[in-house]
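Notes follow once the structure below has been shown.
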Amino acid sequence: MPIAMRIKLSAMMFLQFMMLPVWLIPLYPYVQSLPGGEKWAMWCGMMMGLGTFASPLVGMFADRFLNAEKVLAICNFANAAFLAACFFTTNPALVFVLLLVGTCFYMPTWGLTATIAMKNSTTEAFPQIRVFGSLGWVASAVFSIVGTKCFGIEKFDSTAWIFVSGAIAAVAGGVLAFTLPATEPTAKGTPMSVADALGLKAFVLFKDVRFLVFGVLIFLAMVPFQWYNAYNGMYLKESGFQYLTVTMNLGQVGEICFMLLIPLILKKFGYKWAMVIGLGALVFRYACFYGSAAFGCAPLDFGGILIHGLIFGLLVVGAQMYVNDAAPAELRNQAQGLVNLLTCGIGVFASNFAFEKILAANVTTGGKVAAAVNAAAGTGAQVAHDWSVPFLYALIAAVVLTALMAAFFNPKKAA
């Protein structure tokens, strides 16, 4: 692959994954700080999952009507506009609506960038390009540093400037998209059905039992996987960690290293056993967290965090690569939207629903941890959670899914 092509595709990933965490990570406390924001904070926390439902429809548009890189540019500019609008309002309901529409343009870009990268590179090179997305995620902290140090914006992450930062990165991503290689709609001019118009044509892939098994298992895997993204910050806080963002970002640092190993693992073991290894890493994660929560062995928490890259790389990125190989060329954008919907949309909702119920059943009062948590929060009631039970459920789920993947996943061959 020409070096110029690699640089453009890598920069695409860098900007695409930089523009999200700069506003998403501090979003929950920011919305809570707005007048009447408490009741909207939870909904804003599910923004990624809600936006993902637009992925198959946008994928259909790129499959049939317009080059994928141009669709990517449109999505980024639209996302930038809605993020910028959030800067001018303190109404939490309006912030939610603006971000919801914005993420309906943003979340489909994960599938679009995957299609563009794999169309113009090789399967082996994709993880090497995708790793720049992880670098972009970590580098998003630069906005906070520049805003605080250079522009004197105090408590930058608690201000509406987080949305301006995301908008700047989105505009940059939109401009860059026009320089990307042409990725033409492969189904342009073919007969169109209602399923095509709704972006649902990729669901025909489930007629193949092998692909159906893959879809069901990757969806179920997201239930324990997404618990980490949604609730691990709360767990670390209740466990006495002070630097939550820094601690959690160790997972992204590990992701950068593990992502480079993905092509080697896939080449040696194939999709089936690579995903089994990914689920085995998920077992390792929750064994670490369970050991820490149940027996007070805090160093195990770092093992559960640092393994993040191997889990994400083999399950999420591996799923994107498998879909690219298994789906017909004319359905690849929709198929990427479909896997994005399964992993980051429906999977997130199922995960939050299941874990919220389990967590609510394991509230504990009293004890040193609960006292420390509530003293820091300035509350009188000493409420925390017994995390060993939720982590035990997650561990059992990961073990069962590992066995199911090994027994029933038979990868569909490339289309």
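This one's a predicted model, so the numbers in the text were calculated from it and none came from an experiment. All values below come from the heavy atoms of this structure, side chains included, with hydrogens, waters and symmetry mates left out.
Summarising the geometry, atom CE belonging to Met5 is positioned 9.0 Å from atom CD1 belonging to Ile129; distances are rounded to the nearest 0.5 Å. Atoms CG and CE, on Asn76 and Met19 in that order, are 4.0 Å from each other to the nearest 0.5 Å. Between the CG atom in Asn340 and the CD atom in Gln320 there is a gap of 7.0 Å [rounded to 0.5 Å]. To the nearest 0.5 Å, atom OG of residue Ser351 and atom CZ of residue Phe349 are 11.5 Å apart. With rounding to the nearest 0.5 angstrom, the CG atom of Leu331 is 10.0 Å from the CG atom of Leu338. For the atom pair Leu314 CG and Ile262 CD1, the distance stands at 4.0 Å (nearest 0.5 Å).
Aromatic ring centres of Phe82 and Phe77 lie farther apart than the 6.0 Å criterion allows. Checked against a 6.0 Å centroid threshold, the rings of Phe163 and Tyr30 count as neighbours. For Phe156 and Trp161, the gap between ring centers reaches or exceeds 6.0 Å.
No side-chain heavy atom of Asn232 sits under 4.5 Å from any side-chain heavy atom of Trp227. Taking the side chain as every heavy atom from C-beta outward, Leu20 and Met48 approach each other to under 4.5 Å. Considering only heavy atoms from C-beta on, Leu341 comes within 4.5 Å of Thr52 through its side chain. When side chains are defined from C-beta on, Phe219 does not count as touching Thr343, because their heavy atoms never get closer than 4.5 Å. Put simply, the side chain of Ile277 reaches to within 4.5 Å of the side chain of Phe269, judged on heavy atoms. Taking the side chain as every heavy atom from C-beta outward, Met275 and Tyr322 approach each other to under 4.5 Å. Side chains of Thr113 and Met13 form a contact here, defined as non-hydrogen atoms less than 4.5 Å apart. Side-chain contact check for Gln336 versus Met118: some heavy-atom pair is nearer than 4.5 Å.
Between the side chains of Thr364 and Asp386, not a single donor N or O lies within less than 3.5 Å of an accepting N or O. No side-chain donor from either of Gln252 and Ser134 sits under 3.5 Å from a side-chain acceptor of the other.
At distances below 3.5 Å, not a single donor-acceptor pair connects side-chain atoms of Ser239 with backbone N or O atoms of Phe241. Lys272 contributes a side-chain N or O that, together with a main-chain N or O of Ala406, makes up a donor-acceptor pair within less than 3.5 Å. In this structure a side-chain-to-backbone donor-acceptor pair under 3.5 Å is missing from Thr109 to Leu112. Using a distance-only test at 3.5 Å, with no hydrogens or angles considered, no donor-acceptor pair links the side chain of Ser388 to the main chain of Ala294. Not a single donor-acceptor pair under 3.5 Å links the side chain of Glu184 to the backbone N or O of Leu66. Between the side chain of Ser144 and the main chain of Ala141, no donor-acceptor pair closer than 3.5 Å is present. Between the side chain of Asp63 and the main chain of Asn333, a donor-acceptor pair closer than 3.5 Å is present. In terms of modelled atom types and a separation under 3.5 Å, the side chain of Thr90 and the main chain of Leu34 share no donor-acceptor contact.
Within 6.0 Å of CZ on Phe312 lie more than 12 heavy atoms contributed by other residues, nucleotides or ligands. Annotation: Phe206, atom CZ; neighbour count of heavy atoms from other residues, nucleotides and ligands within 6.0 Å is above 12.
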Open item on the list: For a side chain to side chain contact (heavy atoms under 4.5 Å, CB included) check, start with the C-alpha distance between His308 and Arg285, then their side-chain angles and the critical distance, and finish with the verdict.
Closed with: CA-CA 8 Å; His308 175 75; Arg285 158 177 285 170; 3.0 Å; yes
Task: Criterion side chain to side chain contact (heavy atoms under 4.5 Å, CB included) on Ile162 and Phe143, from CA distance to verdict - done: CA-CA 8 Å; Ile162 57 176; Phe143 286 102; over 6 Å; no
Open item on the list: Apply side chain to side chain donor-acceptor pair (under 3.5 Å) to residues Thr115 and Asn324 and explain how you reach the verdict.
Closed with: CA-CA 7 Å; Thr115 299; Asn324 186 74; 5.4 Å; no
Open item on the list: Set out, in order, the CA-CA distance, both residues' side-chain angles and the distance that settles side chain to side chain contact (heavy atoms under 4.5 Å, CB included) for Ile396 and Tyr286, then state yes or no.
Closed with: CA-CA 9 Å; Ile396 293 170; Tyr286 286 116; over 6 Å; no
Open item on the list: What verdict does the side chain to side chain contact (heavy atoms under 4.5 Å, CB included) test give for Phe289 and Tyr228, after you've listed the backbone C-alpha separation in whole Å, the side-chain angles of each residue and the deciding distance to 0.1 Å?
Closed with: CA-CA 10 Å; Phe289 287 152; Tyr228 171 84; 3.8 Å; yes
Quick one: side chains of residues 97-107, donor-acceptor pairs under 3.5 Å with protein atoms, not counting sequence neighbours, listed by atom name and distance.
from, atom 1, to, atom 2, distance (Å)
Thr103, OG1, Leu99, O, 2.9
Thr103, OG1, Leu100, O, 2.9
Tyr106, OH, Gln16, O, 2.6
Tyr106, OH, Trp110, NE1, 2.8

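Among pairs with a residue in residues 288-297, those fulfilling side chain to side chain donor-acceptor pair (under 3.5 Å) read Tyr235-Ser292, Ser292-Asp301, at least two apart in sequence or across chains.
A side-chain contact (heavy atoms from CB on, under 4.5 Å) with Leu282 holds for exactly one of Ile307, Val399, Ile311; it is Ile311.
Judged by the 6.0 Å and 45° rule, Arg210 forms no cation-pi pair with Phe409. Arg130 forms a cation-pi arrangement with Phe17, by the criterion of a distance under 6.0 Å to the ring centre and an angle within 45° of the ring axis.
Closest non-hydrogen pair, Leu176 versus Met12, comes out as CD2-N, 3.3 Å. Gly313 and Met259 get closest at one heavy-atom pair: CA-SD, 4.2 Å. When all heavy atoms of Gly59 and Gln334 are compared, the pair lying nearest together is C-CG, 3.7 Å. Nearest heavy atom pair, residue Ser165 against residue Val22, reads CB-CG2, 3.6 Å. Considering all non-hydrogen atoms of both residues, Pro224 and Leu401 come closest at CG-CD1, 4.1 Å. Considering all non-hydrogen atoms of both residues, Phe408 and Val213 come closest at O-CG1, 3.5 Å.
When the side-chain hydrogen bond (donor to acceptor under 3.5 Å, both in side chains) test is applied to Trp387, the partners found at least two apart in sequence or on another chain are Glu238.
Ring geometry, Phe355 versus Tyr231: the interplanar angle falls from 30° to 60°, so the pair is classed tilted.
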